[in-house]
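This report concerns only the one structure given below.
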Amino acid sequence: MKRTILLTLLAMLTVMTSIAQPPRYGYGQHRPRGVYHSSPAPRYASHGSYRSPYDVYYGLRLGMGVSTVSSDDLYLDGGSARTGLNLGAVAGFQLVPATPFYVETGLLYTEKGGKGNYNGPFTYSLNYLEMPLVLKYQYNVDRLTSLQPFVGVYGALGVSGKIKDFDHRHAVSAFDDDAFQHFDGGLRFGCGLQFDLLYAELGYDLGLVNVSRDYFGDAHTGSLFVNVGLNF
């Protein structure tokens with residue numbers, strides 16, 4: 001299932017890149033979506049149809065995260081990081097016309113978790129559907145390029161995961177009644193870079209919710225992520 005989703009997203013990125021047009025910057029003409037412009041778009045196009053003064057963009061994201069889980073329980077604390085997949089779609093809109101402030105949200109599939117070696121090696125995967133909500137400031141480097149620092153929050157719902165004990169060849173669901181909570185949430189911050197339709201970002205999810213049930217005491221996720229994609 002995960003391979004099918006990944007191949008579908010890669011195909012969409014390839015098609016969108018191939019049909020992307022070069023930018024034109026005449027009055028009322030095409031410019032990269034999601035790149036702040038110093039003057040508002042006209043409310044009416046030349047043919048008389050209504051055009052919103054707010055800039056709106058949509059995007060696809062694909063990348064990876066390096067995650068850990070910190071805990072006051074020796075079973076989890078001090079473990080190694082786990083690398084996982086990020087993929088999904090986002091949408092953003094301008095807070096006020098002709099200003100560089102945007103709000104972005106979306107829906108992402110993200111893989112978190114960690115590795116440990118307490119009385120033997122084990123791994124735990126925590127896979128979420130995640131919804132971020134961030135405020136972006138878009139600084140134009142030139143007419144094609146912008147830097148986009150962002151800060152906000154995220155909420156996540158656990159949809160799958162396993163705890164695997166390699167010594168005993170035993171695996172259980174990570175979200176059973178005694179292991180991890182389904183809900184996670186916290187702060188998200190980082191910075192994006194956009195060139196024409198192409199977009200890349202580096203950021204961090206700092207978990208503030210205790211994701212543990214009875215096994216581990218308090219536990220919090222953390223994930224450093226790198227994503228690439230398109231804004232259109």
Side-chain angles (χ1 to χ4, degrees), residues 1-3 5-6 9 61-90 103-136 150-192 201-227:
M1 180 63 180
K2 184 167 65 178
R3 180 178 298 179
I5 296 174
L6 178 58
L9 186 61
R61 301 289 183 261
L62 174 64
M64 59 170 289
V66 180
S67 65
T68 57
V69 175
S70 60
S71 175
D72 56 4
D73 191 296
L74 293 177
Y75 191 72
L76 294 182
D77 194 45
S80 302
R82 177 178 184 261
T83 302
L85 175 71
N86 298 323
L87 63 88
V90 300
V103 170
E104 181 180 287
T105 187
L107 186 63
L108 306 170
Y109 171 78
T110 179
E111 297 177 340
K112 299 182 181 182
K115 303 175 183 178
N117 193 12
Y118 186 76
N119 294 329
F122 66 95
T123 64
Y124 48 99
S125 59
L126 305 171
N127 306 322
Y128 295 95
L129 287 179
E130 183 171 295
M131 180 175 290
L133 180 65
V134 299
L135 176 66
K136 281 189 167 185
F150 58 86
V151 63
V153 297
Y154 76 91
L157 179 66
V159 293
S160 66
K162 291 286 186 182
I163 301 174
K164 297 180 180 180
D165 184 336
F166 292 99
D167 277 355
H168 299 90
R169 298 182 179 181
H170 179 64
V172 297
S173 171
F175 297 107
D176 70 11
D177 291 339
D178 296 317
F180 292 97
Q181 304 273 6
H182 279 276
F183 179 73
D184 187 21
L187 301 178
R188 165 172 283 220
F189 49 88
C191 188
E201 65 182 2
L202 173 68
Y204 192 80
D205 283 346
L206 177 64
L208 300 180
V209 173
N210 177 19
V211 296
S212 173
R213 292 186 187 271
D214 296 333
Y215 277 174
F216 310 122
D218 286 344
H220 300 86
T221 62
S223 180
L224 177 69
F225 60 86
V226 178
N227 295 328

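Keep in mind it's a predicted model, so treat the numbers as computed, not measured.
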(message) Apply side-chain contact (heavy atoms from CB on, under 4.5 Å) to residues L208 and L187 and explain how you reach the verdict.
(response) CA-CA 7 Å; L208 300 180; L187 301 178; 3.9 Å; yes

(message) Set out, in order, the CA-CA distance, both residues' side-chain angles and the distance that settles side-chain contact (heavy atoms from CB on, under 4.5 Å) for V153 and V134, then state yes or no.
(response) CA-CA 6 Å; V153 297; V134 299; over 6 Å; no

(request) Kindly indicate, with the supporting measurements, whether the criterion side-chain contact (heavy atoms from CB on, under 4.5 Å) is fulfilled by K115 and K164. (result) CA-CA 10 Å; K115 303 175 183 178; K164 297 180 180 180; over 6 Å; no

(message) Applying side-chain contact (heavy atoms from CB on, under 4.5 Å) to N127 and L85, what does each step give before you reach the verdict?
(response) CA-CA 9 Å; N127 306 322; L85 175 71; over 6 Å; no

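With rounding to the nearest 0.5 angstrom, the CG atom of L224 is 7.5 Å from the OH atom of Y204. A distance of 7.5 Å separates OG of S67 from CG of L126, quoted to the nearest 0.5 Å. Here the CG atom belonging to L87 is positioned 10.0 Å from the CG atom belonging to L107, to the nearest 0.5 angstrom.
Heavy atoms only, all atoms of each residue included: M131 and T105 are closest at CG-OG1, 3.7 Å. Nearest heavy-atom pair across A179 and S173 is CB-O, 4.3 Å. Counting all heavy atoms, side chain and backbone alike, S223 lies closest to G65 at OG-CA, 4.1 Å. Taking every heavy atom of both residues into account, Y124 and I163 meet most closely at CB-CG1, 4.0 Å. Scanning both residues, R82 and K112, for their nearest heavy atoms gives NH1-O, 2.8 Å. The two atoms that bring L108 and G88 nearest to each other are CD2-CA, 3.7 Å, heavy atoms only.
In this structure, the side chain of H182 engages the main chain of G158 through a donor-acceptor pair within 3.5 Å. Counting only distance, with no hydrogens or angles, the side chain of S125 and the backbone of K162 share a donor-acceptor pair below 3.5 Å. S212 contributes no side-chain N or O that, together with a main-chain N or O of D218, makes up a donor-acceptor pair within less than 3.5 Å. The backbone N or O of N227 lies less than 3.5 Å from no partner atom in the side chain of E201, so there is not a single donor-acceptor pair.
The closest side-chain heavy-atom distance from Q181 to N210 is not below 4.5 Å.
In this pair, F175 and Y128 present their aromatic rings perpendicular. The plane angle is above 60°, beyond the 30 to 60° band.
Under the side chain to side chain donor-acceptor pair (under 3.5 Å) criterion, Y154 pairs with D184, sequence neighbours left out. Looking at residues two or more places apart in sequence or on another chain, you find a side chain to side chain contact (heavy atoms under 4.5 Å, CB included) between V66 and M64, A81, T83. Residues passing the side chain to side chain donor-acceptor pair (under 3.5 Å) test with T110, sequence neighbours excluded: N86.
Relative to the ring axis of F225, R188 places its NZ or CZ within 45° and under 6.0 Å from the centre.
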